[in-house]
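Written below as structure tokens is the structure these notes are about.
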Amino acid sequence: MDYNFQEIEKRWQKYWEENKTFKTPEDLSNPKKCYVLDMFPYPSGAGLHVGHPEGYTATDIFSRYKRMKGFNVLHPMGWDAFGLPAEQYAIQTGTHPSITTKNNCNTFRRQIKELGLSYDWDKEINTTDTGYFKWTQWIFIRLYNTWFDDELQKGRPVSELKVPETIAKPGKKEIAKYVDSKRLAYYANARVWWCPGCRIVCANEEVLNDGSHEKCGNRVEKKNLKQWMLRIPLYAERLLKGIDSLEWPEGIKDMQRNWIGRSTGAEVDFKIEGLNENLTVFTTRPDTLFGATYMVIAPEHPLTDVITTIDYKCTVNTYINATSLKSDLDRTDLAKEKTGVFTGRYAINPVNKKPIPIWVADYVLTGYGTGAIMAVPAHDNRDFEFALKFNLPIVCIQDPDVSDPEQKKRILAGKECWTEDGKYINSSDKSTGIDINGLNKDTGIAHITNWLEIKNLGTAKVNYKLRDWLFSRQRYWGEPFPVIHWEDGEVTVMNENELPLKLPELEKYLPGDSGESPLSNSTEWLNVTDKNGRRGRRETNTMPQWAGSCWYYLRFIDPKNDKLIFDQAKEKYWMPVDLYIGGAEHAVLHLLYSRFWHKVLFDLGIVSTDEPYKKLFNQGMILAFAYETESGAKVPGDLVEERDGKYFHKETGAMLNQKVAKMSKSLKNVVNPDDVTSKYGADSLRLYEMFMGPLDVTKPWDDKGVKGVFGFLGRAFRFFSNPENIIKGEEDTEVLKGLHYTIKKVEGDIETLRFNTAISAMMIFLNLATKKGKVTTETAATFTKILAPFAPHLAEELWQLLGHKKSLAYEPWPEFNEEFLKEDLFEYPVSFNGKMRFKIELPVYLSKDEIIKIVLADERSQKWLGGATPVNIIVVPNRIVNIVIKT
RNA sequence: GCCCGGAUGGCGGAAUUGGUAGACGCGCUGGUCUCAAACACCAGUGGCAGCAAUGCUGUGCCGGUUCGAUCCCGGCUCCGGGUACCA
């Protein structure tokens with residue numbers, strides 16, 4: 001019988017849909033549950049990319065396997081459908097984004113269904129549905145009404161916030177101001193990156209290194225706008241600690257840790273000569289204060305103007321102006337020489353009362369620490385470089401632990417920078433009474449920090465890189481904020497029972513040049529009056545795309561609930577997510593934001609777990625072959641021809657080099673999954689994407705590889721669908737052993753997500769069965785079951801041909817029997833000095849002495865010994881024999 | 001620069017994490033079937049030498065530990081990803 005995949009796949013997809021085979025179980029009494037989640041896609045107009053099915057197939061195999069293992073499985077799919085492309089399309093064509101979105105979702109849904117993925121489509125969600133974003137708005141209100149209790153390290157309702165007496169007295173406004181300063185969501189005038197191309201504000205996190213916008217590539221500039229911000233740094237410690245308990249790839253955990261960027265140190269106050277002001281710096285090395293020979297402040301530092309003396313105003317202002325034109329890249333490019341100017345002013349080093357000059361330089365940023373640093377050129381590379389350039393003093397205060405006397409001399413003389421540990425020198429002062437000479441780094445830091453605190457000159461401090469999250473966009477196609485700005489200056493959030501706040505219909509989707517969102521065009525929607533006649537204006541910003549994806553895994557649990565965000569019992573049953581698979585591009589932003597929201601919801605008693613995603617796995621990117629000429633010029637795929645394994649330009653005939661690159665329209669090397677399914681079928685596509693290599697590595701797509709797995713599926717179908725090959729009675733021992741080895745291997749590989757080797761094991765078994773020519777009905781059924789998670793259409797077809805009426809989706813996963821895997825003989829590799837020379841088959845139960853006796857008696861051993869006596873003989877039972885001889 | 005990965009046949013990759021390097025698949029070579037081709041099937045396939053048995057060599061490079069290293073340690077080179085002077 002021919003492998004008619006088209007007919008088979010269509011039929012089973014229909015069967016699954018009609019029978020609701022993959023409906024999520026309602027019975028929550030089964031203690032075995034598994035929540036398997038994909039990072040849901042943005043439904044772009046281009047349709048599915050071959051990168052999507054990679055992760056989706058992985059989770060599908062896992063889900064199908066878990067169902068067969070008796071688990072209640074929740075495996076949903078939905079759409080992260082707010083986003084820029086639909087809005088830009090609307091600006092160009094006037095088509096409402098909801099129409100574009102709906103069409104794109106339909107395409108995605110069709111394509112995904114054609115892959116035979118076992119989603120429960122009753123759980124489908126779309127972030128742009130009012131029934132969904134009503135709850136996104138609801139969470140925003142929660143964030144707004146929550147403050148972070150530093151002592152308890154916990155978010156609490158603002159109703160529980162005690163306003164200090166000193167503030168409570170002056171009046172309502174002051175109290176409101178105090179409460180606002182504590183809320184997790186706040187409204188503030190922020191100097192933000194503005195993208196003139198998208199007419200949108202970008203978060204720091206969205207601006208690329210070269211100063212361009214992540215989404216469109218346009219160059220961004222700075223602009224002042226009223227923005228909603230979320231105080232994520234308050235949760236920095238919780239977010240950091242939580243990482244330890246997660247089953248995530250270590251690399252991703254490190255990325256999150258680095259992003260949060262905790263560092264311990266101290267804030268130190270420096271008196272400014274001639275001014276009644278302190279200059280506060282954050283330093284991780286307060287112990288090096290004796291080596292601080294100058295200070296540097298950022299150009300944007302609030303005290304810059306005050307500090308600069310009249311004589312230096314001109315040069316400093318010129319410098320600040322030049323800096324403001326620079327992008328972050330220009331300011332931070334290591335290759336470029338450091339720049340800076342003297343302010344004319346001195347600060348007093350608290351440890352020795354010495355005056356040290358204050359400079360302005362753009363290598364110090366306002367966004368981190370206090371925007372000012374103390375410079376220790378002898379022990380910090382950047383400060384050293386700066387000091388050399390501007391001829392500033394360099395005082396070595398640590399005796400370097402180096403053996404080279406010349407290098408030691410250079411370091412002590414301040415001619416070379418030393419950043420390692422060493423005993424302090426030149427670190428005492430009679431006037432302040434401090435002396436740390438002879439101590440090492442750890443004790444030195446403790447000593448100085450303690451001294452600073454006693455003298456009231458500084459405090460131990462923990463600092464984080466993580467910044468407040470800029471949470472609003474000047475867009476139409478996003479969740480509106482449930483916020484009203486009143487004419488008297490009050491800002492209020494709407495009542496929960498007034499939600500959802502829908503988007504108004506618009507004629508024009510173009511944002512204003514001033515930076516206000518297109519929502520400001522809708523006067524009817526915009527203006528409101530309260531019951532006392534007070535007039536107000538709705539917030540015109542909308543939420544960023546992150547909002548919808550921050551909590552979607554929770555809505556999947558109970559997507560149609562219109563009374564509650566979700567049913568609590570259901571949440572308690574299904575959470576946390578047991579397996580979460582998606583691209584590594586979300587390693588930091590989405591996963592960190594999502595964890596933040598989840599922790600807030602946990603603190604408020606809305607969810608039952610502290611972390612949302614127990615196990616995370618990042619799939620590698622799928623790349624494609626690309627071609628370039630000798631000089632490195634890229635050649636589109638349609639202009640390349642292959643001859644004898646080499647590649648040539650169709651028009652010029654020039655020889656081309658094959659490279660691996662990201663799929664792109666310009667290189668014409670984008671692979672469309674529809675083309676693959678129509679040619680080889682969905683099972684082949686699924687199998688190939690899993691067989692290409694380990695799930696987490698980037699790997700190039702190769703059409704020839706699909707042919708390989710297609711061949712395997714065809715052979716499997718032809719063999720098992722042929723009644724002549726399927727017999728009744730006792731199974732051959734070799735087949736039985738192979739079968740049980742395969743069950744064990746596939747099971748272990750699914751649990752560890754190593755699908756490539758699982759597939760290889762099934763291929764090996766099929767090769768064995770084909771060679772043997774016949775297998776029993778039971779063997780055929782078992783093999784069909786283990787193949788099912790990988791190639792479900794084919795497996796269902798074979799299952800039916802074997803005489804079963806119902807789907808095999810819930811058939812129990814076969815158990816392997818270790819008894820069948822036991823070997824009587826082991827073929828020992830015999831090595832001489834570690835080099836394998838020959839093999840000898842011996843019973844597994846032999847003792848070491850018996851093995852040595854037999855091996856030495858072998859004539860081949862005599863040959864390799866050449867008359868010598870072995871110095872040592874190593875026998876590892878059922879592994880290896882190694883004979884050591886003197887050479 | 002720093003951080004995190006990685007480097008194994010012509011190609012994608014495998015190796016029970018210290019014990020036979022190259023599983024499985026692609027490609028290639030030869031054969032069967034066919035008028036022929038495709039498909040399918042069978043056999044071979046790291047490199048070098050040899051008719052062969054076999055030998056030498058071989059996991060980016062240099063060194064170390066070990067009876068034994070793709071795996072552990074030290075030092076490099078190159079590639080990929082992240083990040084941008086983080087005090």
Side-chain angles (χ1 to χ4, degrees), chain A residues 2 208-210 249-255 257-259 261 263 265 281-286 288 292 296 328-329 331-336 338 361-365 367-376 380-383 385-386 463-465 584-585 587-588 620-621 623 625 644-646 658 660 687-688 691-694 696-709 711-712 714-715 718 745 748 754 756-764 766-767 770 827-839 870-876 878-885:
Chain A
D2 264 350
L208 299 179
N209 315 328
D210 60 352
E250 284 305 319
I252 303 291
K253 286 163 95 168
D254 278 343
M255 283 169 81
R257 288 191 189 105
N258 293 339
W259 192 271
S263 59
V281 302
F282 171 74
T283 175
T284 54
R285 296 293 306 276
T288 61
V296 185
D328 257 16
L329 179 75
R331 267 180 79 161
T332 58
D333 194 337
L334 265 179
K336 292 203 174 129
K338 295 197 175 3
D362 61 10
Y363 79 89
V364 173
L365 304 174
Y368 185 77
T370 61
I373 63 158
M374 61 178 219
V376 186
D380 181 286
N381 283 321
R382 283 156 302 140
D383 297 344
E385 201 186 310
F386 192 86
N463 216 357
Y464 301 94
K465 277 197 256 183
E585 67 270 21
V588 179
M621 213 186 307
L623 305 176
F625 291 122
D644 302 326
K646 292 193 172 123
Q658 190 183 56
V660 170
L687 216 62
Y688 174 61
F691 187 60
M692 286 170 87
D696 56 345
V697 306
T698 49
K699 44 215 172 264
W701 180 273
D702 186 0
D703 275 325
K704 287 171 188 153
V706 189
K707 241 175 79 178
V709 293
F712 163 69
R715 277 194 297 280
R718 285 192 298 276
K745 175 79 180 152
R754 296 194 300 194
N756 53 333
T757 48
I759 293 166
S760 140
M762 289 188 285
M763 286 173 167
I764 294 170
L766 181 68
N767 290 346
T770 314
E827 193 179 41
Y828 278 92
V830 181
S831 317
F832 288 78
N833 289 346
K835 277 194 177 160
M836 206 277 289
R837 293 305 182 184
F838 63 88
K839 290 175 188 173
V871 181
N872 193 6
I873 300 176
I874 287 140
V875 177
V876 184
N878 299 320
R879 270 283 153 83
I880 197 168
V881 176
N882 190 21
I883 298 167
V884 187
I885 44 175

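Numbered from 1 within each chain, the chains take letters A, B, ... in sequence-line order.
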*Quick one: side chain to side chain donor-acceptor pair (under 3.5 Å) partners of A:Asn756, sequence neighbours excluded?*
none

*For nucleotides 18-27 of chain B, read 5' to 3', which letter fits each nucleotide if B means a protein heavy atom sits under 4.0 Å from the base, S means only the sugar-phosphate is that close, and - means neither?*
-BB--BBSSS

Please measure how far the [atom1] atom in [N] lies from the corresponding atom in [M], and state the result in whole Å.
N: B:C39; M: B:U54; atom1: P; value: 36 Å
N: B:G10; M: B:G6; atom1: P; value: 23 Å
N: B:G64; M: B:G13; atom1: C1'; value: 30 Å
N: B:G60; M: B:G9; atom1: P; value: 8 Å
N: B:A15; M: B:G58; atom1: C1'; value: 16 Å
N: B:A69; M: B:U8; atom1: C1'; value: 14 Å
N: B:C56; M: B:U66; atom1: P; value: 25 Å
N: B:A23; M: B:G18; atom1: P; value: 22 Å

*Report the residues that fulfil salt bridge (Lys or Arg N to Asp or Glu O under 4.0 Å) with A:Arg715, sequence neighbours left out, ordered by chain and then residue number.*
none

Return the minimal non-hydrogen interatomic distance between [X] and [Y], and the atom names on each side.
X: A:Pro829; Y: A:Lys839; answer: CA-CG, 4.2 Å
X: A:Ile873; Y: A:Pro870; answer: CG1-CB, 3.9 Å
X: A:Met762; Y: A:Phe712; answer: O-CE1, 3.8 Å
X: A:Val296; Y: A:Ala361; answer: CG1-CB, 3.4 Å

*asked:* Can a donor-acceptor pair be found, under 3.5 Å and without considering hydrogens, that links the side chain of A:Asn463 to the backbone of A:Ser263?
replied: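 No, the answer is negative, given that no donor and acceptor are paired below the 3.5 Å cut-off.
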
*From A:Arg837 CZ over to A:Ile883 CD1, what is the distance, rounded to the nearest 0.5 angstrom?*
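Going from the CZ atom of A:Arg837 to the CD1 atom of A:Ile883 covers 11.5 Å.
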
*Nearest 0.5 Å, what's the CZ-CD distance between A:Arg257 and A:Glu250?*
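A:Arg257 CZ to A:Glu250 CD: 6.0 Å, rounded to 0.5 Å.
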
_Apply side chain to side chain contact (heavy atoms under 4.5 Å, CB included) to residues A:Tyr688 and A:Asp703 and explain how you reach the verdict._
CA-CA 9 Å; A:Tyr688 174 61; A:Asp703 275 325; over 6 Å; no

Which pairs, protein N/O on one side and nucleotides 53-59 of chain B N/O on the other, fall under 3.5 Å?
unit_1 : atom_1 : unit_2   : atom_2 : d
B:C56  : OP2    : A:Arg837 : NH1    : 2.8
B:U57  : OP2    : A:Lys835 : NZ     : 3.2

*Please walk me through it: do A:Lys704 and A:Lys707 pass side chain to side chain contact (heavy atoms under 4.5 Å, CB included)?*
CA-CA 5 Å; A:Lys704 287 171 188 153; A:Lys707 241 175 79 178; 5.6 Å; no

*With nearest nucleotides of RNA chain B determined for A:Asp380 and A:Tyr688 from heavy-atom distances, which residue corresponds to the more 5′ nucleotide?*
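That would be A:Tyr688.
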
*Toward the 5' end of RNA chain B, which comes first, A:Met692 or A:Ile883, by nearest nucleotide?*
A:Met692

*Could you state the CG-P distance from A:Asn872 to B:U66, rounded to the nearest angstrom?*
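Computing the A:Asn872:CG to B:U66:P distance gives 13 Å.
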
_From C-beta outward on A:Trp259, which listed nucleotide comes closest to its side chain: B:A40, B:G82, B:U83?_
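So the nucleotide nearest the side chain must be B:U83.
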
*Which nucleotide sits closest to the side chain of A:Phe282: B:C86, B:A87, B:A40?*
B:A87

*asked:* Checking A:Met836 against A:Ile880 for the side chain to side chain contact (heavy atoms under 4.5 Å, CB included) test, could you report, in this order, the C-alpha distance in whole Å, the side-chain angles of both residues, the deciding distance, and whether it holds?
replied: CA-CA 9 Å; A:Met836 206 277 289; A:Ile880 197 168; over 6 Å; no

*Pick one for B:G82: is it syn, with its angle within 90° of 0, or anti?*
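It is anti.
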
*Go ahead and write out RNA chain B as dot-bracket, 5' to 3': ( ) for pairs within the strand, [ ] for ones crossing earlier pairs, | when the partner sits on another strand, dots for unpaired; Watson-Crick or G-U wobble, both distances under 3.5 Å.*
(((((((..(((......[....)))((((((.......))))))((((....))))..(((((..]....))))))))))))....

*Centroid-centroid under 6.0 Å between A:Phe386 and A:Tyr363 rings*: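 So the answer is yes for these two rings.
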
*Just do the side chain to side chain contact (heavy atoms under 4.5 Å, CB included) check on A:Asn878 and A:Tyr828 with the steps written out, would you?*
CA-CA 7 Å; A:Asn878 299 320; A:Tyr828 278 92; 3.5 Å; yes

Please list each protein N or O that sits under 3.5 Å from an N or O in nucleotides 2-10 of chain B, with the distance.
none

